[in-house]
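Below is one structure; the comments refer to it alone.
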Amino acid sequence: MLIVKKFGGSSVANAEKVLNVAKRIGKSYDEGNDVVVVLSAQGDTTDELIAKAQEINSKPSRREMDMLLSTGEQQSVALMAIALEKLGYPSISLNAYQVGMNTTSTYSKARLKNIQTDRVQAELERKNIVIITGFQGINRFDDITTLGRGGSDTTAVALAAVLKADRCEIYTDVEGIYTADPRIVKDAKKLSEITYDEMLELASLGARVLHNRSVELAKKYHVELVVRSSLNYEEGTVVREVCNMEKMLISGVAADKDVARISVIGVHDEPGKAFNLFGLLAKHKINIDIILQSVGRDGTKDITFTVAKDMLEETLDLLEENRERLTVKDIVHDENVAKVSVVGAGMVSNPGVAAKMFEALYDAHINIQMISTSEIKISVLIDEDKAENAINAIHDKFQLGNIKLKR
Ligand code: ADP
Ligand code: ASP
Ligand code: MG
């Protein structure tokens, strides 16, 4: 069998953990498998590197940040090869350049375009365990790019897809995918399986256990994923197209604090204004999430929308520059907001989920600023400091801690 195994930063945080993971990899190799390993930077390395850059320059270029951040993963793969060497296993570490992992050119949020397989396959034929840097890629200028925070999951799934691996295993610091972040909701329940669509929503809505692009790729290339703990041998959660389990009404609750709210006030109430505003933002590749427009009054209206926090400054600058053209009287923003969402395929055929969610928030005295819904999710925007409280209240209201899971 060909297995791709990805280990997250906390799973390789220090020498002891690297050696333990190396033993686990060696065991799989001893069982006769071809093993490709994808690693993240150790522990908080990526955050530390960002802090180091900030000490020197508060607005570093994205190109140089990618150059810097990619070093974290390069350390991990070399250390893992050194650990396997000590245990007597043949292995080789490779970075994105050596493999040929080609991405789009957008620094800090590049997307994988294609991956060369010759080198990896040649190393597997030599019976090497191949250890590859997660998170990084190479663009058409031969520069190093990164795939966005948490992007190593995506590297692993993409490799599993191009190598036609039999399995893709994502090892992390929790035992699988839960009904909510188990660090925030004490009675969160581990799911035995979840569909790509539900996991894609959860990942996009803040459940960082999987990078959302990794789930997108897994769905597109039919890569069955297993998320499990690197610390024990408990069964994890399988992410697949269809679940045997009865469709659960709600499969999870997630919170995303990486959001900012912007309102443009006093826009002329006439056709084309929303187009002008969002057309401008689209031209500058600024992603918009929830949108709310007020009913026109006295010839003007307000438009409120959310963006990722790291796009806030750029968006505000752009709006300020185009204030007159957009006929905007005032621009206000709030960074202290969070988006809390419930996700579940069963929602499609069960009315009343929204009402129940709003009731949970009302009971917890939490005010809702904005609402957005789709077939399988409902999201609300609330004050950031109420996020944990809200997740717990909603999780309780739907009694997710008591759900019965069957295979
Ligand atoms: P890694 O370094 O292994 O990639 P991450 O920190 O990126 O690990 O992701 C794992 C973390 O995701 C967990 O420690 C947990 O706090 C968080 N998390 C958020 N939502 C969920 C969820 N629904 N199920 C499991 N973990 C979750
Ligand atoms: N090291 C990167 C990060 O911290 C990538 C990853 O962990 O997946 O975001
Ligand atoms: Mg991660």
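Quick note: residue numbers are just sequence positions, from 1. The structure presented is a predicted model; accordingly, all values stated were derived computationally and were not measured. First listed ligand is number 1; within each ligand, the first listed atom is number 1.
In terms of protein heavy-atom proximity, atom 27 (C) of ligand 1 is closest to Val209 CB, 3.7 Å. Looking at atom 13 (C) of ligand 1, its nearest protein heavy atom turns out to be Asp173 OD1, 3.5 Å. For atom 23 (N) of ligand 1, the closest non-hydrogen atom on the protein side is Tyr178 O, 3.0 Å. Counting only heavy atoms of the protein, atom 3 (O) of ligand 1 lies nearest to Thr172 OG1, 2.7 Å.
Using a 4.0 Å cut-off between a side-chain N of Lys or Arg and a carboxylate O of Asp or Glu, Arg261 and Glu384 do not qualify as a salt bridge. The pair Glu359-Lys356 does not meet the salt-bridge criterion, since no charged nitrogen lies less than 4.0 angstrom from a carboxylate oxygen. Checked for salt-bridge contact, Asp197 and Lys377 miss the test: no charged N lies under 4.0 Å from a carboxylate O.
For ligand 1, one of its N or O atoms has an N or O atom of Arg208 under 3.5 Å away. Considering backbone and side-chain atoms alike, Ser11 places every N or O at 3.5 Å or more from each N or O of ligand 1. Ligand 1 has a nitrogen or oxygen under 3.5 angstrom from a nitrogen or oxygen of Gly9. Considering backbone and side-chain atoms together, Asp181 places an N or O closer than 3.5 Å to an N or O of ligand 1.
Closest of all the heavy-atom pairs between Leu84 and Ala22 is CD2-O, 3.5 Å.
Under 4.0 angstrom from ligand 1, the non-hydrogen atoms of Ala180 all belong to its backbone. Residue Arg183 touches ligand 1 through its side chain alone, judged by heavy-atom distances below 4.0 Å. Contacts with ligand 1 closer than 4.0 Å are made by side-chain heavy atoms of Val174 only, the backbone lying farther away. If you look at Lys6 next to ligand 1, the close heavy atoms, those under 4.0 Å, all belong to the side chain.
Between Asn95 and Gln136, the side chains place no donor N or O within less than 3.5 Å of an acceptor N or O (distance only, hydrogens not considered). For the 3.5 Å distance criterion, the side chains of Ser61 and Glu64 fail to qualify, holding no donor opposite an acceptor. Side-chain atoms of Asp66 and Thr146 form a donor-acceptor pair, as typed in the model, at a separation below 3.5 Å.
Protein residues having at least one heavy atom under 4.0 Å from any atom of ligand 2 are Ser40, Ala41, Thr46, Glu73, Phe135, Arg149, Gly150, Gly151, Ser152, listed by chain and number.
Once rounded to the nearest 0.5 Å, the distance linking NZ of Lys27 with CG of Leu87 reads 14.5 Å. Note: Met101 CE to Ile132 CD1 = 5.5 Å, rounded to the nearest 0.5 Å.
Proximity to Gly176 (heavy-atom distance under 4.0 Å) selects the following atoms of ligand 1: 24 (N), 25 (C). Less than 4.0 angstrom separates some heavy atom of Ile177 from each of these atoms of ligand 1: 24 (N).
A cation-pi contact, defined as under 6.0 Å to the ring centre and within 45° of the axis, is absent between Arg183 and Tyr178.
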ask   = For Ser263 and Asp302, what are the C-alpha separation, side-chain angles and deciding distance, and is it a side-chain contact (heavy atoms from CB on, under 4.5 Å)?
value = CA-CA 7 Å; Ser263 299; Asp302 306 335; 5.8 Å; no

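Residue Thr154 is tested with His211, Arg213, Arg111 for a side chain to side chain donor-acceptor pair (under 3.5 Å); the sole match is His211.
Remark: side-chain polar atoms of Glu224 are not paired, donor with acceptor, to backbone N or O of Val238 under 3.5 angstrom.
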